[in-house]
Amino acid sequence: MSDQRNAGVIGDRGSIAREKKIWGFGDWFPTKMCGSINFGRMMVISAFLRLGLIAYGEWQDAHMEVRYTDIDYFVFSDAAALVATGKSPFERSTYRYSPLLAFLLIPNLILHQSWGKLLFSSADLLVGLFVDIILKLRSVPETLRLLSVAVWLFNPFTFTIGTRGNCEPIVCAMILWIIICIMNGKVIQAAFWYGLVVHFRIYPIIYALPFVLVLNNQHARPRECILKKGSPRSGVTDPSSRARVVKPSTTSWKQLFCPWDLLRSNITINSFLFGLISGSIFFFCTALFFKLYGWEFLNEGLLYHLTRTDPRHNFSIYFYHIYLHHQHKFSLVEKLISFLPQLMVQLALIFRFAADLPFCLFLQTVAFVAFNKVITAQYFVWFFCLLPLILPWSSMKLKWKGLICISLWMGSQLHWLLWGYILEFKGQNVFIQLWLASLLFLAANTVILLMVIHHHKFSRVFSPSLSAPDSTDTKKLD
């Protein structure tokens, strides 16, 4: 593993100025701030911050009317109490998660009611560790690794998620661990965790195709990988290096309309093992809990998320239509047809950017959330954990484009929350304004996504297979 981590080391690390020249993200923060802190200290500070917030949350819950703890945490705890007594966790209304989560929180009853928060916050810290490992594998200099890890560890949104009792950090940690396994050529281990995470939280199913594409011979050979240096959008980092220019792949689009060619080019021993093992783990967990809890598990834990329609106001552009027609009930076709825009966007992103795996997963997740039928704030953590993995390859400067993206994303949310407050707390009929605010939020996400793509320096996770080079994907410098 150490040989793989040291492979393809990025040129000269001796000069911070050179790092900043290659990566625009290096200009986002003063480099002097990283001189007095290392990764270990950053993790210790982050751990104490989270412990302090958990302790504060206990005090606020006991002394203030508004609780710090997320309402879902009480749902998890009640479900854990049910499984501890041999009952179904789905006897707790609104529990729509894998029974695994309820079993993980049984120590809430035995040790302390904050056990789950400590577990989720530990997973939160693991995400920071995994971000550092992935960037180290991709030969990112230490300064930029620290800055990227800090984007996760000290993001107010992310460090409050786990301390309030939300389980999403566990999913984030599992996703990043799968990326690490793939980069180290541990296909079987990656497949095991992928099958488990899809069972635990169904949304990572969208990552199946890019994982398979990266594992095929056209894009990578995991046990013979050469971790590549990040390259600019045009493909050239250092003209003197005489390196090949790498561009996002477009040849897969041809295969998309030739199913046999697509199947033949992507069925390799690695992709076959990945699909077989991950599918087996997923169906084993599903069968096990179906045996224990019957159709109630299948309907509440899995199928509910595929056909979910929520009449309550949320960030989604679909909420108003669902609100108006919810009493008439939607057919299965109507529920599934909203996935069509998501599917089209997902395929476009996958076949364009799959070789740059972390970037592809980030784009997929942002697009998936933005076009989803239901959008809540906790969904944002799904792509926040992937954001640090792409920042070193961004040429976007904080001044002014970075600030514009941040302001646009936060401003569109605050605008939506303003109308949501007027509706929920003032009781005024502002559904039209709230729906328009949802449209604005979708537009903001789309603009930001396009800006991120425009400023990203496309970089394959692995060098293309030498036995099957893609002539349309690379070209030599003059």
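Since we're looking at a predicted model, the values are computed, not measured. Throughout, residue positions are numbered sequentially from 1 according to the sequence presented. The figures here come from the full heavy-atom set of this structure, side chains too, leaving out hydrogens, waters and symmetry mates.
One distance of note links CZ of Phe192 with CD1 of Ile178; it measures 10.5 Å at 0.5 Å rounding. With values rounded to the nearest 0.5 angstrom, Ser122 atom OG is found 9.5 Å from Ile170 atom CD1. Here the straight-line distance linking atom CG of Leu153 with atom CZ of Phe159 works out to 10.5 Å at 0.5 Å rounding.
Between Val369 and Phe380, the closest side-chain pair of non-hydrogen atoms falls below 4.5 Å. Residues Val151 and Thr158 have side chains not in contact (no heavy-atom distance under 4.5 Å, counting atoms from C-beta outward). By the 4.5 Å heavy-atom criterion applied to side chains, Met64 and Trp59 are counted as neighbours. Side-chain contact between Ile161 and Pro169 is present, with heavy atoms from C-beta onward closer than 4.5 Å. Side-chain contact between Val447 and Leu450 is absent, with no heavy atoms from C-beta onward closer than 4.5 Å. Considering only heavy atoms from C-beta on, Val452 stays 4.5 Å or farther from Ser394 through its side chain.
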For a salt bridge (Lys or Arg N to Asp or Glu O under 4.0 Å) check, start with the C-alpha distance between Asp61 and Arg164, then their side-chain angles and the critical distance, and finish with the verdict.
CA-CA 11 Å; Asp61 289 351; Arg164 295 186 67 228; over 6 Å; no

Decide yes or no on salt bridge (Lys or Arg N to Asp or Glu O under 4.0 Å) for Glu142 and Lys136, but give the supporting numbers first.
CA-CA 8 Å; Glu142 183 179 11; Lys136 191 178 294 184; over 6 Å; no

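When atom types are taken as modelled, the side chain of Gln60 and the backbone of Val66 share a donor-acceptor pair closer than 3.5 angstrom. In this structure, the side chain of Ser121 does not engage the main chain of Arg50 through any donor-acceptor pair within 3.5 Å.
Taking the six-membered ring for Trp and thresholds of 30 and 60 degrees, Phe90 and Phe297 have ring planes inclined between 30 and 60 degrees apart. Taking the six-membered ring where the residue is Trp, Phe458 and Phe353 present tilted rings, their angle falling between 30° and 60°. Trp409 and Phe441 have tilted rings, their planes meeting at an angle from 30° to 60° on a 0 to 90° scale.
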